Amino acid sequence: MIRVGIAGLGFMGMVHYLSYQKIRGVKVAAICEKNRKRLEGDWRGIQGNFGPAGTRMDLSGVATYENLDDMLADDSLDLIDVTLPPSLHAGVAVAALKHSKHVFCEKPMALEPRDCRKMNAAAQKADRRLLIGHVLPFFPEYAWALKAVQSRRYGKLLGGEFRRVISDPSWLAHYWKLNVIGGPMLDLHVHDAHFIRLLFGMPRSVHTAGRMRGDLCEHWHTLFDYPDASVAATSGTIEQQGRSFDHGFELQLEKATLAFRFAVSGGDGRYLCEPTVYDSKGKTKPAKLAGGDPMDAFAAELRHVARCVRTGEDAGPLESAAAEDAILLCQKQTQSLTKGKPVKVVS
């Protein structure tokens, strides 16, 4: 039995708690949270942009802590699940690793590449797993695309376009604070930065244009410079609340193009382009995918975490090195936008 301690009980902490209930051989044995009402099971104040609403929970059998050091000192825990604000990820992960715990940390890995490096070094020294919660590859559309590219079923990957735009999440406290969450670059676009890294590797440079809100990127377009592929991404926020979410991709391969786009408009979610294969014979084929409930993706992600901890399985899309690269890509895009010119990523 893998015994999990959750550090931080906000929306993502609740999502993880509910998802662990679906996984055999895993038990949430402890929760650390400063909000006393939440430790007592009153989760009615927790809200997010998908999944069930917060409600009253029966936490009998779950140890509750207000102090993180006390939870980390609990020798019965195997894995610490970090769902705190991004500014706290590095410090908590390093402390947990020093206590010989495995760590699953929500994305973004940290706010700065140097903090990512500290986390990776601590994991190596402790000889414990450090897994980063990039859930996007577990969503049906992205899992389909990743499998198709990696199998080379349609030949070489030639390029891609990615999109992820939301309405300003005014319900999220500290979203626009550089030293707490980091705005849409690190909270939103990091999903696509990570997925681009999985598909294409690291680009030579990035060229980003768009608009800023104070010190943070608000809405932008980026060209990623690869020697043999054309890659672009659009991301950020808009002020109009009528379209709260919009994401998708188009991937060009030698023998096919894979495309999909989904948006939530007026409170209703629908495909603007169903997951589709446009093949070299002129045929249009809809992709046959599993259900699209976001909670299923989180359950699949956490099942993979459990296997990695239990068997030493390869981390795959949850590997910390790729997550660190995603933070570097976000940093370089911000630099490019503020400087108004391309910025080198790798030599």
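Predicted model only: the values in this text are computed from it and were never measured.
- Ring geometry for His247 against Phe245 counts as tilted: the plane angle lies between 30° and 60°, on a 0 to 90° scale.
- Taking the side chain as every heavy atom from C-beta outward, Ile2 and Arg310 approach each other to under 4.5 Å.
- The ring pair (Phe, Tyr, Trp, His ring centres under 6.0 Å) check on His174 picks up nothing, with sequence neighbours excluded.
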Evaluation steps, side chain to side chain contact (heavy atoms under 4.5 Å, CB included), between Leu131 and Cys308 = CA-CA 9 Å; Leu131 306 162; Cys308 288; 4.0 Å; yes
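- The stretch residues 212-227 participates, sequence neighbours left out, in these salt bridge (charged side-chain N to carboxylate O under 4.0 Å, His left out) pairs: Asp168-Arg213, Arg204-Asp225, Arg211-Glu218, Arg213-Glu218, Arg213-Glu239.
- For Thr208 (side chain) and Leu337 (main-chain N/O), no donor-acceptor pair under 3.5 Å exists by modelled atom type.
- In this structure, Asp42 contributes its side chain and Arg44 its backbone to a donor-acceptor pair below 3.5 Å.
- No chain of hydrophobic side-chain contacts below 4.5 Å, direct or via other Ile, Leu, Val, Met, Phe, Trp or Tyr residues, connects Val305 to Val103.
- Contacts classified as salt bridge (charged side-chain N to carboxylate O under 4.0 Å, His left out) and involving residues 261-274 (residues at least two apart or in different chains) are given here: Asp246-Arg261.
- Counted by atom type alone, His189 and Gln333 present one or more donor-acceptor pairs between their side chains at under 3.5 Å.
- Residue pairs meeting the salt bridge (charged side-chain N to carboxylate O under 4.0 Å, His left out) criterion with at least one member in residues 171-186: none, sequence neighbours excluded.
- Side-chain contact of Ser167 with Gln241: a donor-acceptor pair under 3.5 Å is present, judged by distance alone.
- Counting only distance, with no hydrogens or angles, the side chain of Ser205 and the backbone of Val345 share no donor-acceptor pair below 3.5 Å.
- The side-chain heavy atoms of Trp220 and Pro184, taken from C-beta on, include a pair separated by under 4.5 Å.
- By the criterion of side-chain heavy atoms lying less than 4.5 angstrom apart, applied directly or through intervening Ile, Leu, Val, Met, Phe, Trp or Tyr residues, Val190 is not grouped with Val15; the two fall into different hydrophobic clusters.
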When you look at Lys34 and Glu66, which way does the side chain to side chain contact (heavy atoms under 4.5 Å, CB included) test go after all the steps?
-> CA-CA 5 Å; Lys34 290 185 178 181; Glu66 293 184 68; 5.7 Å; no
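- Between Asn120 and Arg117 there is no side-chain heavy-atom pair separated by less than 4.5 Å.
- Screening residues 52-79 for ring-ring contact (aromatic ring centres under 6.0 Å, His included) gives no qualifying pairs among residues at least two apart or on separate chains.
- In terms of modelled atom types and a separation under 3.5 Å, the side chain of Ser336 and the main chain of Lys341 share a donor-acceptor contact.
- The line from CG of Leu136 to CD of Glu301 is 10.5 Å long, rounded to the nearest 0.5 Å.
- A distance-only check finds a donor-acceptor pair linking the side chain of Glu254 to the backbone of Lys156 [under 3.5 Å].
- Looking only at side-chain heavy atoms (C-beta outward), Lys107 and His194 stay at 4.5 Å or farther from each other.
- Not counting sequence neighbours, Tyr20 has no partner by the ring pair (Phe, Tyr, Trp, His ring centres under 6.0 Å) test.
- The shortest distance between side-chain heavy atoms of Glu319 and Ile132 does not fall below 4.5 Å.
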Go through the steps for Leu39 and Ile31 under the test side chain to side chain contact (heavy atoms under 4.5 Å, CB included), then give the verdict.
-> CA-CA 7 Å; Leu39 283 185; Ile31 294 174; 4.0 Å; yes
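- Both Ile327 and Val94 belong to a common hydrophobic cluster when Ile, Leu, Val, Met, Phe, Trp and Tyr are linked at side-chain heavy-atom distances under 4.5 angstrom.
- Tested against Thr64 for a side-chain contact (heavy atoms from CB on, under 4.5 Å), the candidates Glu40, Glu33, Arg36 yield a single pass: Arg36.
- Using a 4.5 Å heavy-atom threshold, the side chains of Leu77 and Asp74 count as touching.
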Take Arg243 and Val165 through the side chain to side chain contact (heavy atoms under 4.5 Å, CB included) test and state the conclusion after the steps.
-> CA-CA 9 Å; Arg243 192 191 68 196; Val165 178; 3.7 Å; yes
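- At a threshold of 4.5 Å between non-hydrogen side-chain atoms, the residues Lys22 and Met295 count as touching.
- The pair Glu313-Arg307 meets the salt-bridge criterion, with a side-chain N (NZ, NE, NH1 or NH2) lying under 4.0 Å from an Asp/Glu carboxylate O.
- Interatomic distance, SG of Cys116 versus CE of Met109, reported as 4.5 Å (0.5 Å rounding).
- One N or O on the side chain of Thr338 and one on the backbone of Thr334 form a donor-acceptor pair closer than 3.5 Å.
- Ile181 CD1 to Leu188 CG: the interatomic distance, rounded to the nearest 0.5 Å, is 12.0 Å.
- Counting side-chain heavy-atom gaps under 4.5 Å among Ile, Leu, Val, Met, Phe, Trp and Tyr, Leu223 is found in no cluster with other residues.
- Ala96 and Ile80 get closest at one heavy-atom pair: CB-CG1, 3.9 Å.
- Sorted by first and then second residue, the salt bridge (charged side-chain N to carboxylate O under 4.0 Å, His left out) pairs with a member in residues 126-152 form an empty list; sequence neighbours excluded.
- With rounding to the nearest 0.5 Å, the separation of CZ in Phe249 from CG in Leu258 is 6.5 Å.
- Atom CZ of Arg24 has 12 or fewer heavy atoms from other residues, nucleotides or ligands within 6.0 Å.
- Under the 4.5 Å side-chain contact rule for hydrophobic residues, Met12 and Leu68 do not share a cluster.
- At least one donor-acceptor pair under 3.5 Å links the side chain of Ser235 to the backbone N or O of Arg164.
- Contact check on Asp192 versus Arg163 returns no salt bridge, with no Lys/Arg side-chain nitrogen under 4.0 Å from an Asp/Glu carboxylate oxygen.
- For residues 143-170, the set of pairs meeting the ring-ring contact (aromatic ring centres under 6.0 Å, His included) definition, not counting sequence neighbours, is empty.
- Taking the ring pair (Phe, Tyr, Trp, His ring centres under 6.0 Å) definition, one finds that Tyr271 meets it with Phe262, sequence neighbours left out.
- Considering Phe139, Tyr142, Tyr278 in turn, Tyr142 is the only one that fulfils the ring pair (Phe, Tyr, Trp, His ring centres under 6.0 Å) rule with Phe260.
- At least one donor-acceptor pair closer than 3.5 Å links the side chain of Tyr226 to the backbone N or O of Gly201.
- Asn179 and Ser87 share no side-chain donor-acceptor pair at under 3.5 Å.
- Residues Val82 and Met14 do not share a hydrophobic cluster, defined by chaining ILVMFWY side chains whose heavy atoms lie under 4.5 Å apart.
- Applying the ring-ring contact (aromatic ring centres under 6.0 Å, His included) test to pairs two or more places apart or on separate chains, those with a residue in residues 88-114 are His16-Phe104.
- Tyr17 is linked by a ring pair (Phe, Tyr, Trp, His ring centres under 6.0 Å) to Trp43, counting only residues two or more places apart in sequence or in another chain.
- At a threshold of 4.5 Å between non-hydrogen side-chain atoms, the residues Met212 and Cys217 count as touching.
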Going through the distances and angles, do Lys285 and Asp279 end up as a salt bridge (charged side-chain N to carboxylate O under 4.0 Å, His left out)?
-> CA-CA 8 Å; Lys285 302 177 183 177; Asp279 70 17; 3.5 Å; yes
